[in-house]
Structures are given as structure tokens and as C-alpha cells.
Amino acid sequence: MSNRSATAVAHPNIALIKYWGNRDNEWNIPSSGSLSMTLGEVFTTTKITLDEERDRDFLSINGLIASEMAQQRLSAFMDGVRKLSGRRGYCVVESQNNFPQGVGIASSASAFAALALAASALFELPLDVIAVSRLARLGSGSACRSILGGFVEWLAGEDHLSSYAIQIAPPDHWDLVDCIAVVSREHKGVVSKEGHRLASTSPLQSCRIATANERLEVCRQAIQKRDFDALTRVVELDSNLMHAVMMTSTPMLFYWQPATLNILLEVPRKRLEGLPLCYTIDAGPNVHILTLKDHASDVRAWLKEIPGVQEVLFAPMGGDAKLVKVE
Ligand code: PMV
């Protein structure tokens, strides 16, 4: 199999109902289910090549040698692939993002989704969606949702086999757009892997987890009925709950910047003018504003006027991760 390679493409996703905290940190088995929309036009392309000359795996991102932390994360993931497949061989992984880094688009989700698909092809692991989703989860929890397009739910499960993502509605079901207001490009201080470990130190986490299934159901219904008001209420509540957990963890996590708050305070005012708007924030200061496609350019113009907003990116609904080439 020497010098064989496989290439795959995957999109990032934005969680509508968040994943924050694991019941099993080693296997990324989450404390609750989560639900996301896959983002189109932005994607990661990953090529993995077996290289018998090497004595460890090697990762480059956008043509540059990745950090030692990223190299170790890749090695740990590839050790899992070798163990599951019963095959040996170190690899060169070349990953390219067509979107800028540090703008609040989780590149780890699209990166591990593309890698899981390409590595499955190369190491002859099962290529069905559920198997690839489980494998992607081992790299980064939220990556299991990026295997599929449209609206995707991660079934929390209780072990490796039962924890994976399914599509609940295809991309053309509802024309939502994510307008990402970039307020900072600085790398987040605490990576999500560490954040998941801290979640249980918050006295609010048990309440958040105990009520997650209710929010999942409300969110599923809102999507099925294309009810933007209902979606807004549950998505904003869920984002606030996750940030409340972050802010009350020990040590505490605080990701917002003054400009984050400028946007949050403007959202209800703008909504009163009749613009359909819904905010959600991941583990960083940048704000994702969801809207309907027809209103996206109005939303962008409005966001650009808010003090501290450096840039506004657009992402429509995205599709499934795809295997592009095996050679
Ligand atoms: O997949 P991770 O470990 O990067 O965690 C993702 C955490 C959030 O983006 C904050 C929420 C989510 O569900 O995507």
C-alpha cells in the first residue's frame, strides 16, 4: 500500500444546540446530544498519503508545518485509525482550508471530518456514514456532525458504537444563512478540548444537561416546521446556557469581547424592525447571526455598522463530506 493516498472534502458546522462537556473524555462521548447546520462554500480539503520512509505522522495546514500540538493531535487520531484497521504505516496529511483562520469557523470539525473520511478509505475501514461519523468524533467531537450536510443531530449515545450523527433534514429543506461577525482573529485562550473537561466544574452544567433533550426537541420541531421565531428562542437560550456554564466553571472561561456584547445588544432592537435574526456563539468572541437567505445582505450591512465588527462572512447551507480521490 506504500504511497497510496486518499483525498476528502468536508464543511464546518455551527451548533444550534451545543455540545459542551463529555461523559467520557477519552472517547468524546458527550454529556448530551447536539444539533447543527452544516456550512456551505467554506470547506477543508485533506489529502492523506502513506509514507513508509517516515517514523511518525506529519501534518501541514495551508502549506505550512502545523504546530507541535496539532502534530500530536494528528498522531493520536492516526494511532486510533491504525488500531481499528489493524494496519500499520505513518502518513503525511496535507490539509487546506478555503476560509480564513481564527474567524469563528471551527476548522477542527471540517478538518477531522475530511481526515476521517480520507483515512477510512486509505486504511480500508468501513465507509458508511455512521462509521465515519464515529471515527471523526474521536478527533474532535463536533466533527462527527460535519460528515453530513443540512441539519444534523449528534446522538449522544453511551459508548463508541452508539455515539454518532444523523441528518434530520437535507440542505435544501430551509434556506438559512450564517452571517459570521468577526470581532477578533486572536486564537482562543482555552481550546474546546480543555473546556469540555471544565464543564462539570460549573454548578449550572447539571441543569443544562438535564434540560438538553427538551431543547433538542423544540429545535427539531422548529426546523421541521421552518419556524424561525421558535428556532431563535431555543438557539439563543442554548447558546446563553453554554456561555453561563463557561463563565461559572473553575477556572472560569470568558470568551466574549466588548464588540461581542455590542452585537448581542443590537440584535433585539433590529429584530423589532422586522428582520429575522438569531444569534449563537461558540468558544470564541465572534458572533454567528442566522437569518433567512433573502435577508442576508441586509444583515451584513447592519452588522458592518456595529462598532468593533472587523468583517462579516456568509455561509449558506452546506452538503455532505465527500471522498474526492483514492489513488
Ligand atoms: O468539537 P469540539 O471539541 O471543538 O467542541 C465544539 C464546541 C462548540 O463549538 C462550542 C459547540 C459545538 O457543539 O460545536
Side-chain angles (χ1 to χ4, degrees), residues 10-39 42 44 69-70 73-74 76-77 97 101-116 133-148 151-157 163-165 168 178 180 187-200 202 205 208-209 212 215-216 219 234-247 249 253-256 260 279-288 290 315 318 321:
H11 297 281
N13 67 76
I14 176 70
L16 306 174
I17 301 294
K18 308 288 186 190
Y19 153 52
W20 197 249
N22 286 321
R23 60 190 283 176
D24 182 331
N25 283 312
E26 189 187 344
W27 290 86
N28 287 346
I29 310 299
S31 304
S32 59
S34 55
L35 206 162
S36 57
M37 64 180 256
T38 303
L39 303 180
V42 279
T44 301
M69 199 169 99
R73 214 167 159 192
L74 169 74
F77 180 80
N97 296 319
Q101 307 296 289
V103 294
I105 300 179
S107 54
S108 65
S110 50
F112 277 108
L115 178 62
S133 176
R134 283 187 197 117
L135 182 61
R137 193 198 72 236
L138 299 179
S140 163
S142 58
C144 76
R145 299 188 309 240
S146 274
I147 298 300
L148 288 151
F151 296 91
V152 180
E153 182 170 348
W154 176 3
L155 308 174
S163 189
Y164 56 85
I168 62 162
D178 182 9
I180 305 155
H187 222 70
K188 52 188 165 197
V190 177
V191 293
S192 36
K193 193 164 181 58
E194 187 51 29
H196 293 301
R197 289 179 190 272
L198 295 180
S200 61
S202 164
Q205 173 72 346
R208 181 183 159 267
I209 297 303
R215 288 189 299 285
L216 278 167
C219 191
V234 75
V235 167
E236 293 186 353
L237 169 64
D238 193 81
S239 175
N240 291 347
L241 280 168
M242 181 181 75
H243 284 272
V245 165
M246 291 164 163
M247 290 175 200
S249 295
L253 298 176
F254 194 90
Y255 289 106
W256 299 359
T260 313
Y279 70 77
T280 186
I281 309 174
D282 273 350
N286 300 320
V287 184
H288 295 250
L290 310 179

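Count residues from 1 along the sequence. Just so you know, ligand 1 is whichever comes first in the structure, and atom 1 is the first atom listed for that ligand.
- Screening K18, R208, R215 for a side chain to side chain donor-acceptor pair (under 3.5 Å) with D238, the sole residue that qualifies is R215.
- Close N/O approach between K18 and ligand 1 is not found [any backbone or side-chain N/O within under 3.5 Å].
- In the vicinity of H196, heavy-atom distances shorter than 4.0 Å reach the ligand 1 atoms 2 (P), 3 (O), 5 (O).
- Applying the salt bridge (charged side-chain N to carboxylate O under 4.0 Å, His left out) rule to R134 yields no partners; only residues at least two apart in sequence or on another chain are considered.
- Look at S34 and you'll find every heavy atom at least 4.0 Å from all atoms of ligand 1.
- Listed by number with element, the atoms of ligand 1 under 4.0 Å from a non-hydrogen atom of A15 are 12 (C), 13 (O), 14 (O).
- Just one residue in the list N97, T38, T44 forms a side chain to side chain donor-acceptor pair (under 3.5 Å) with S110, and that residue is T44.
- With ligand atoms numbered from 1 in the order given, ligand 1 contributes 1 (O), 2 (P), 4 (O), 6 (C), 14 (O) to contacts under 4.0 Å with heavy atoms of S142.
- Every N/O-N/O distance between W20 and ligand 1 stays at or above 3.5 Å.
- Residues L237 and L241 meet the side-chain proximity criterion, which asks for heavy atoms closer than 4.5 Å.
- Proximity of A106 to ligand 1 is not established, as no heavy-atom distance is less than 4.0 Å.
- Qualifying ring pair (Phe, Tyr, Trp, His ring centres under 6.0 Å) partners for H196, counting only residues two or more places apart in sequence or in other chains: Y19, W20.
- Checked against a 3.5 angstrom limit, the closest N/O atoms of N13 and ligand 1 fall outside it.
- Counting all heavy atoms, side chain and backbone alike, R137 lies closest to C144 at CB-CB, 3.8 Å.
- Just one of V287, L16, I17, T280 meets the side chain to side chain contact (heavy atoms under 4.5 Å, CB included) condition when paired with S239; it is T280.
- Within ligand 1, counting atoms from 1 as listed, the ones closer than 4.0 Å to a heavy atom of A283 are 10 (C).
- Atom numbering of ligand 1 starts at 1 in the shown order; those under 4.0 Å from a heavy atom of G141 are 1 (O).
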